There are 2 protein chains.
Amino acid sequence: MPAPARTSIDAIVRAAADLLEADGPAGLSMQAVGARVGVRAPSLYKHVSGRGALVRLVAEDAARDLGERLDASAPFGTPPKEALGAAARALRSFAHERPAAFRLVLSPAAEEDRLDPETARRSSAAVVRIAAELAGPEHALEAARTLTAWASGFVAMELAGAFRMGGDVDAAFEFGVERIADALAG
Amino acid sequence: MPAPARTSIDAIVRAAADLLEADGPAGLSMQAVGARVGVRAPSLYKHVSGRGALVRLVAEDAARDLGERLDASAPFGTPPKEALGAAARALRSFAHERPAAFRLVLSPAAEEDRLDPETARRSSAAVVRIAAELAGPEHALEAARTLTAWASGFVAMELAGAFRMGGDVDAAFEFGVERIADALAG
DNA sequence: ACCTGAACACCGTTCAAGT
DNA sequence: ACCTGAACACCGTTCAAGT
C-alpha cells in the first residue's frame with residue numbers, strides 16, 4: 001500500500017533553518033526538525049540522507065538568498081562606488097537578519113561542508129561585476145576578493161562581539177566602505 | 001588518602017588543541033582528551049568544568065599565541081605601512097599553521113563562547129598601534145577594524161576554499177595589503 | 001511508499017564507591 | 001584528593017515491522 005508523504009524536503013529545510021536561527025547549531029537536531037514537520041526523526045531519512053546533508057541544504061538555500069539580495073542591491077547602471085556601498089550594506093543586513101545562516105555561509109568551513117563551486121560563484125556574481133567596474137576587468141578578481149573579505153570579516157567580527165572597545169560601529173562600517181572603494185578604484 | 005593529580009589543566013588544554021587541529025570540533029570529545037592525557041573522561045571534571053569551558057580555554061590560548069605573533073611581527077620603529085603588511089602576513093601564517101584554532105578565535109561566535117574582552121584587547125593591541133600610526137590617532141579604531149576585518153575575512157575565505165575561481169591567492173593577498181595600507185593612510 | 005518503535009553506538013555529565 | 005565504573009539523558013542512524 002503506497003502511503004503519501006506527510007512532509008516534504010522544502011518543509012524540512014525550512015524547519016531546519018528556523019531551528020538553526022532560534023536555537024543555534026545544537027538546536028538543529030533531527031528530533032527537533034521531525035517534531036516541527038510532524039514526523040519522527042527516522043522518517044526524515046526518507047527525504048534527506050542525514051544531518052550533515054540537511055545542514056548543507058540550509059547553507060545552499062541561504063547562499064541563494066544572499067546572492068539574490070546582492071543582485072537586487074544595485075541595479076545595472078548604478079555608479080560602481082555607490083553599487084559597492086549598496087552591496088556591502090546588503091551583506092550586512094543579511095547577516096543581521098539571519099546571523100546563524102550568515103555564519104553557515106561565510107564561516108571558514110572544513111573541507112567536507114563547503115558549498116559547491118557553482119552555488120558559491122552565483123552568490124558572488126554581483127560583487128565580481130561591481131569590482132570589475134571599479135578596478136578594471138584585469139583586477140576584477142583581486143578587487144572582489146578584497147571587498148568580500150573586508151565586508152564579511154567586518155560583519156563576522158560584529159556578530160562575534162569583537163567591537164566592544166566602544167566607538168560607532170555603523171560609522172566604522174561606512175568609513176571602511178569609503179576607504180575600500182577608493183582603494184579599489186585606485 | 002590524598003592522591004596526586006595524574007594530569008594537569010595544561011596537558012588537558014594542549015591535548016584538546018591537538019585533537020581540534022587533527023580531527024576537528026567533533027574530534028574534541030571528553031573521552032578522546034582523557035585518552036590522550038591518561039585518565040577517563042569523568043576525571044577531567046576535576047580540572048575543567050565541562051567541554052564548553054575546555055573549548056574556551058583552547059580559544060584563549062590560541063588568542064594569546066596570535067597576539068604574541070602580531071606583537072613580534074613588527075618591532076617598534078618599523079615604518080607603519082611595512083608593519084601593516086608584516087602583521088597581516090603573521091595573521092595569515094597563524095591561520096595556515098593552526099586553521100582550527102584560527103576558526104575558533106576569529107569565527108563569528110555565539111554570545112556564550114566569546115573571548116573575554118581583555119584577552120581580545122591584548123591580542124589586537126599591536127594592530128591598533130599600527131593603525132594609529134597609519135591613519136592618525138583619531139581614526140585608529142576604525143582603521144584597525146578595517147584592517148582586521150579585511151585580513152581575517154580574506155584568510156577565512158581562503159580556509160573555506162572560497163578562492164576557487166583561479167588566480168594567484170598570494171598575489172591577491174599582497175594586492176589587498178597594498179590597497180588597504182594606502183586607503184588607511186589616505 | 002512512507003512512517004514507526006526499538007535498538008545500537010556514540011556523546012556529555014553526575015555520582016557513589018574505591019584508593 | 002583524585003580517579004573510576006555505572007548510570008542517565010541525550011544524540012544520529014539503522015532496520016524490521018506496520019499501514
Side-chain angles (χ1 to χ4, degrees), chain A residues 1-61 100 103-104 109-114, chain B residues 1-61 100 103-104 109-114:
Chain A
M1 273 306 179
R6 219 176 300 175
T7 183
S8 68
I9 185 67
D10 285 341
I12 289 168
V13 172
R14 213 172 319 124
D18 289 349
L19 280 166
L20 181 71
E21 218 60 66
D23 303 326
L28 200 173
S29 74
M30 297 302 269
Q31 308 194 21
V33 171
R36 283 229 174 189
V37 301
V39 300
R40 298 285 182 170
S43 301
L44 298 172
Y45 290 78
K46 286 287 163 186
H47 299 95
V48 71
S49 72
R51 186 183 182 276
L54 179 53
V55 171
R56 198 191 194 87
L57 288 174
V58 172
E60 279 165 7
D61 206 63
R103 284 180 195 117
L104 207 55
E111 173 104 39
E112 73 265 21
D113 39 40
R114 283 175 195 165
Chain B
M1 272 305 178
R6 219 175 301 176
T7 184
S8 67
I9 186 65
D10 286 341
I12 289 168
V13 172
R14 211 171 322 124
D18 290 348
L19 281 166
L20 181 72
E21 217 60 67
D23 302 326
L28 200 174
S29 74
M30 298 300 270
Q31 308 194 19
V33 171
R36 284 230 174 189
V37 302
V39 300
R40 299 285 182 171
S43 301
L44 298 172
Y45 291 78
K46 286 287 164 186
H47 299 96
V48 70
S49 71
R51 186 184 182 277
L54 179 52
V55 171
R56 197 192 195 88
L57 288 173
V58 172
E60 279 165 7
D61 206 61
R103 284 180 195 117
L104 206 56
E111 172 103 41
E112 73 265 23
D113 39 40
R114 284 176 195 164

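Scope of the values below: all heavy atoms of this structure, side chains included, with no hydrogens, waters or symmetry mates. Residue numbers begin at 1 in each chain, while the letters A, B, ... track the order of the sequences. Not measured: the values here are computed from a predicted model.
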Over all strands shown, is A:S29 touching base, sugar-phosphate only, or nothing at heavy-atom distances under 4.0 angstrom?
sugar-phosphate
Side chain of B:A5 only, heavy atoms from C-beta on: which candidate in C:dT4, D:dC2, C:dT14 is closest?
D:dC2
Quick one: does B:V13's side chain get under 4.5 Å of B:V48's, heavy atoms only?
no
A:R40 CZ to C:dG5 P, straight-line distance once rounded to whole Å
4 Å
Report which part of the nucleic acid B:T7 touches: base, sugar-phosphate, or nothing (heavy-atom distance under 4.0 Å, all strands).
sugar-phosphate
Using the side-chain contact (heavy atoms from CB on, under 4.5 Å) rule, pick out the option among B:L54, B:V33, B:L104 that qualifies with B:L20.
B:L104
What's the NZ-C1' distance between B:K46 and C:dT13, to the nearest Å?
13 Å
Separation of B:R40 CZ from B:M30 CE (nearest 0.5 Å)
14.5 Å
Rounded distance (nearest 0.5 Å) linking atom CD1 of B:I12 with atom OG1 of B:T7:
4.5 Å
Say whether, by atom type as modelled, one donor and one acceptor occur between the side chain of A:Q31 and the main chain of A:A41 under 3.5 angstrom.
no
With DNA chain D as reference, determine whether B:G38 or A:G52 sits nearer its 5' end, using the nearest nucleotide of each.
B:G38
For the pair made of CE in B:M30 and C1' in D:dC10, what is the distance, rounded to whole Å?
16 Å
Which one, C:dG12, D:dC3, C:dC3, comes nearest to the side chain of A:S43?
C:dC3
Rounded distance (Å) that lies between atom P of D:dG12 and atom CG of A:L44
10 Å
Between D:dT13, C:dT4, C:dC3, which nucleotide has the shortest distance from any of its atoms to the side chain of A:A41?
D:dT13
With the side chain defined as heavy atoms from C-beta on, A:R51 is closest, among D:dG12, C:dT14, C:dC3, to D:dG12
Without decimals, in angstroms, what is the distance between B:Q31 CD and D:dA6 C1'?
13 Å
Is there a donor-acceptor pair under 3.5 Å between the side chain of A:R36 and the backbone N or O of A:R14?
no
What nucleotide, of C:dC2, C:dG5, C:dG12, holds the atom closest to the side chain of A:P42?
C:dG5
Given C:dT14, D:dC3, C:dT4, which nucleotide is nearest the side-chain atoms of A:R6?
C:dT4
Whole angstrom value for the distance that separates P of D:dC10 from CG of A:L28:
18 Å
Intra- and inter-strand pairing of DNA chain C, written as dot-bracket with Watson-Crick and G-U pairs under 3.5 Å and | for the latter, reads ||.|||||...|||||.||
For A:L28, the option from A:D23, A:D18, A:V55 that meets side-chain contact (heavy atoms from CB on, under 4.5 Å):
A:V55
May I have the distance from B:I12 (atom CD1) to C:dG12 (atom P), rounded to whole angstrom?
14 Å
